[in-house]
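All ligand and atom numbering here is 1-based and tracks the order in the structure. In this text, all values refer to a predicted model and were calculated from it rather than measured experimentally.
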Amino acid sequence: MNPVLELRGVTRTHGTGETAVHALRDVSLAVAPGELVAVMGPSGSGKSTLLNLAGGLDRPTAGEVCVEGASLGGLSKRQLARLRRRSVGYVFQALNLLPSLTAMENIALPLELDGSGPRASRRAAAEALDEVGLDGLGGRFPDELSGGQQQRVAIARALVGERRLVLADEPTGALDSQTGEAVLRLLRTRVDAGAAGVLVTHEARHAAWADRVLFLRDGVLVDTAGPLARPEDLLESAQ
Ligand SMILES: Nc1ncnc2c1ncn2[C@@H]1O[C@H](COP(=O)(O)OP(=O)(O)O)[C@@H](O)[C@H]1O
Ligand SMILES: [Mg+2]
């Protein structure tokens, strides 16, 4: 199957000369539909840079990023914005919910911006809310929701519509472990339904939800591992 995301020899350098920072060096990677890839590595190793490039929020200094077969470098600003809204779901560390919009409106916004009618957008938003276990809370404003509920709204917003690529940068942030697991389960479900996913995490037990784990160090992809064992899998195999 054609990969949803492909990075070919991607380098991202900030600045020039002696003060240049090589955030990412010659990274190649392909993520297929139904595949969730975890990215691990120390702080400053280039994890967020990789996600920003994959989502078209940043442009590489060298190399090529392709999403659903389209080379991002060849797109106009407008085409890139459209591809981001349609195809890419991005879960940021900071939630970026708009405080003056309800949970439902926050989720429906990307669809409306992309030209869906208000009714179709609300219907899709209601489904996404249901998917994250927040049905009935769509009328609440972000400050009327707990931190965990806000995080789920952000996830619902990233998953709404038919996004083929889901990018999550330490999406479990400061969540309690139960809510964090619920968020990862959602991500996994979406990927199992045919999306491609990239999950940045520093916790092995979160990376265990992935099919493959990549390790970054100083902007270089140093290692790749298959699936890590999940605690529950270990328990099962012991039974
Ligand atoms: N806009 C920028 N200007 C200069 N250096 C940057 C910029 N963004 C990131 N960097 C540097 O690039 C490296 C990788 O950063 P980042 O991708 O945020 O790492 P991580 O997410 O793994 O912590 C770091 O050394 C960081 O300081
Ligand atoms: Mg980061």
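- Between the Mg ion (ligand 2) and Ser48 there is an N/O/S contact shorter than 2.8 Å.
- One side chain, Asp169 or Ser48, offers a donor N or O that lies under 3.5 Å from an acceptor on the other.
- Environment of CG in Asp143: crowded, with over 12 heavy atoms of neighbouring residues, nucleotides or ligands closer than 6.0 Å.
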Take Leu214 and Leu29 through the test side chain to side chain contact (heavy atoms under 4.5 Å, CB included) and record every step on the way to the result. CA-CA 10 Å; Leu214 310 179; Leu29 162 70; 3.4 Å; yes
Residues Leu187, Val166; criterion side chain to side chain contact (heavy atoms under 4.5 Å, CB included); working and verdict: CA-CA 8 Å; Leu187 187 62; Val166 184; 3.4 Å; yes
Determine whether Leu5 and Val67 satisfy the following criterion, side chain to side chain contact (heavy atoms under 4.5 Å, CB included), listing intermediate values before the conclusion. CA-CA 5 Å; Leu5 170 69; Val67 174; 4.2 Å; yes
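- The protein heavy atom nearest to atom 23 (O) of ligand 1 is Gly44 N, 2.7 Å.
- Among all non-hydrogen protein atoms, the one lying nearest atom 15 (O) of ligand 1 is Thr49 OG1, 3.8 Å.
- Nearest to atom 18 (O) of ligand 1 among the protein's heavy atoms is Ser48 CB, 3.8 Å.
- In this structure, atom 8 (N) of ligand 1 has a protein heavy-atom contact shorter than 4.0 Å.
- Atoms of ligand 1 found under 4.0 Å from any heavy atom of Pro42, numbered from 1 in the order shown, are 22 (O).
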Side chain to side chain contact (heavy atoms under 4.5 Å, CB included) between Glu170 and His206: does it pass, once the steps are laid out? CA-CA 9 Å; Glu170 305 201 21; His206 292 164; over 6 Å; no
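- Counting the atoms of ligand 1 from 1 in the order shown, those under 4.0 Å from a heavy atom of Val21 are 11 (C), 12 (O), 25 (O).
- Distance screen at 4.0 Å: atom 26 (C) of ligand 1 has no protein heavy-atom neighbour inside the cut-off.
- Using a 4.5 Å cut-off on side-chain heavy atoms (C-beta onward), Leu36 and Arg188 make contact.
- Residue His14 holds the heavy atom nearest to atom 2 (C) of ligand 1 of all those in Lys47, Arg12, His202, His14.
- Remark: minimum distance from atom 12 (O) of ligand 1 to any protein heavy atom is reached at Ala23 CB, 3.3 Å.
- A donor and an acceptor atom, one from each side chain of Glu68 and Ser87, are located under 3.5 Å apart.
- With hydrogens left out, the protein atom closest to atom 19 (O) of ligand 1 is Gly46 N, 3.2 Å, a heavy atom.
- Atoms of ligand 1 found under 4.0 Å from any heavy atom of Ser43 (numbered from 1 in listed order, with element): 23 (O).
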